[in-house]
There are 2 protein chains.
Amino acid sequence: MIYLLKGMKQEAPTPKAGRPRAFDVDEALERALQVFWRKGYEGASLTDLTAAMGINRPSLYAAFGNKEALFRKAFDRYAAGPAGFWAVALQAPTAREVAESLLRGSVDSLSKPNCPRGCLAVQGALSCGDEADPIRRELNARRAAGQELLRQRFERAKSEGDLPAHADPADLARYIATLAQGMAVQAAGGASREELSRLVDVALMAWPK
Amino acid sequence: MIYLLKGMKQEAPTPKAGRPRAFDVDEALERALQVFWRKGYEGASLTDLTAAMGINRPSLYAAFGNKEALFRKAFDRYAAGPAGFWAVALQAPTAREVAESLLRGSVDSLSKPNCPRGCLAVQGALSCGDEADPIRRELNARRAAGQELLRQRFERAKSEGDLPAHADPADLARYIATLAQGMAVQAAGGASREELSRLVDVALMAWPK
DNA sequence: TGTATTCTGTATCGTTCGGTAGGCCACCTT
DNA sequence: AAGGTGGCCTACCGAACGATACAGAATACA
């Protein structure tokens with residue numbers, strides 16, 4: 001349930017001057033992602049984050065900016081990693097396969113061991129206080145962007161005769177996105193991999209023929 | 001997307017002794033509900049709450065206990081009010097009508113003017129810090145309880161020949177609940193009434209015949 | 001070796017958080 | 001009218017929040 005994979009880790013290998021970093025920025029970001037994923041943007045305190053990342057506050061601020069910037073970087077990492085199945089699914093040959101790949105990918109991602117149950121794009125900041133509002137809006141925009149990519153893919157499928165004439169690409173995209181989002185809530189509530197998998201079986205019965 | 005309607009407002013009409021309250025407890029609770037609904041449990045500060053309720057902190061504590069107790073009371077009000085369509089839907093004569101009534105009711109609730117976009121049971125505390133964890137668990141349990149009622153209703157429907165033999169009541173209940181939850185996320189992202197309504201049309205295509 | 005540069009760690013900033021103490025006030029019963 | 005009861009309000013509590021100042025330590029370059 002995340003989208004777009006911005007460039008990960010281009011690694012500037014010029015060690016320049018000054019005292020070298022005592023921690024791996026990439027691994028610290030991964031730890032931060034885990035915390036945000038589990039607790040959401042508001043629920044993750046700097047104490048939680050620095051403890052999990054194994055660094056001090058000033059190091060965090062020097063390396064990532066501030067809490068909001070850290071979240072955005074963590075989200076990009078999420079989009080490229082755990083939510084990478086989204087981009088993969090969009091490349092499936094038929095609309096039906098795109099839909100199924102996306103939903104099966106969601107099941108995998110939501111039931112992966114040693115990962116928080118849920119989706120960062122959904123749970124990150126669904127509703128929140130005023131301070132976190134920019135993050136909420138950004139996540140709304142990201143979800144909408146993913147759904148829009150899906151709509152475009154289905155539009156193309158329709159022009160290729162891959163979808164029947166009566167099918168509406170926007171409606172289908174919304175249907176699939178809604179399922180993926182609902183599945184994130186189900187996963188947060190403890191739904192098992194098998195339950196989510198059967199859910200996808202049921203959901204795909206609605207696919208136009 | 002909420003369930004169970006505990007008793008609302010039994011109104012003890014005995015004015016007893018002491019200075020009478022200067023505010024309407026019921027209306028104050030309604031205002032608190034609006035704040036929690038819009039900002040979630042963590043995102044709603046006592047300052048937000050008391051400002052909206054038009055009372056001071058000590059009055060809030062005297063009348064409702066503390067923030068957590070206030071949230072639970074607000075949630076009960078939500079379940080009996082804006083989410084009352086859930087209980088109504090369960091009484092529809094056929095399984096198909098139960099499902100459709102529930103989803104149409106969700107559309108109505110999620111697109112009602114002058115109400116926050118979304119569902120308190122979903123957005124209240126999907127993921128949060130440690131302090132709000134009891135609320136998160138409670139909301140998980142409430143969602144699960146609603147889904148279980150739906151399952152039992154579909155179980156009955158099956159025994160009444162109202163669902164085909166190959167249909168699995170648990171899977172159907174999860175499907176409908178997932179849609180309702182996903183729709184709450186869609187509404188939070190700005191989906192219109194018409195979009196949600198067409199979504200329901202698509203989703204019901206999956207219903208077993 | 002000296003200096004500039006950059007990171008680390010401690011100790012703290014001002015603000016906001018949820019929650020309360022205590023004085024004042026309004027209403028009841030007697 | 002007196003006393004008791006309970007709600008209102010100001011002002012405040014300790015703790016946690018996100019964010020930093022500053023001094024010391026580790027490196028590159030001169």
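The chains referred to below are lettered A, B, ... by the order of the sequence lines, with proteins before strands, and numbering in each begins at 1. The model shown is predicted, which means the values in this text are computed figures rather than measured ones.
- Rounded to a whole Å, the CG atom of A/L60 is 14 Å from the C1' atom of C/dC7.
- Contact annotation for A/A62: no contact, since no heavy-atom pair falls under 4.0 Å across all strands.
- Here C/dT15 presents its P atom at 18 Å from CG of A/D130, a figure rounded to the nearest Å.
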List, with names and distances, any nitrogen or oxygen atoms from the protein found under 3.5 Å away from nitrogen or oxygen atoms belonging to nucleotides 25-27 of chain C.
| residue | atom | partner | partner atom | Å |
| --- | --- | --- | --- | --- |
| C/dC25 | O2 | B/R19 | NH1 | 3.3 |

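- For the pair A/D133 and A/R136, the salt-bridge criterion is met [side-chain N within less than 4.0 Å of a carboxylate O].
- More than 12 non-hydrogen atoms from other residues, nucleotides or ligands lie less than 6.0 angstrom from CD of B/E148.
- Of the possible polar contacts, none joining the B/S197 side chain to the B/R193 backbone as a donor-acceptor pair under 3.5 Å is found.
- Counting only heavy atoms from C-beta on, B/N56 has its side chain closest to D/dC9 among C/dT8, D/dC9, D/dC8.
- Cation-pi check for B/K67 over B/Y61 is not met; the charged atom does not lie both under 6.0 angstrom from the ring centroid and within 45 degrees of its normal.
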Produce a footprint string for nucleotides 11-23 of chain D: one letter per nucleotide, 5' end first; B if the base is under 4.0 Å from any protein heavy atom, S if only the sugar-phosphate is, - if neither.
------SBBBB--
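- One interatomic measurement links the two molecules: CD1 of B/I55 to C1' of D/dT10, which rounds to 16 Å at whole-angstrom precision.
- Classification of A/E194 and A/R198 as a salt-bridged pair fails, no side-chain N sitting under 4.0 Å from a carboxylate O.
- The aromatic rings of B/Y41 and B/F71 sit perpendicular, their planes meeting at an angle over 60°, well past the 30° parallel limit.
- A search for side-chain hydrogen bond (donor to acceptor under 3.5 Å, both in side chains) contacts involving B/E27 returns B/R31, not counting sequence neighbours.
- Cation-pi geometry between A/K73 and A/Y78 is not satisfied (NZ or CZ under 6.0 Å from the ring centre, within 45° of the ring normal).
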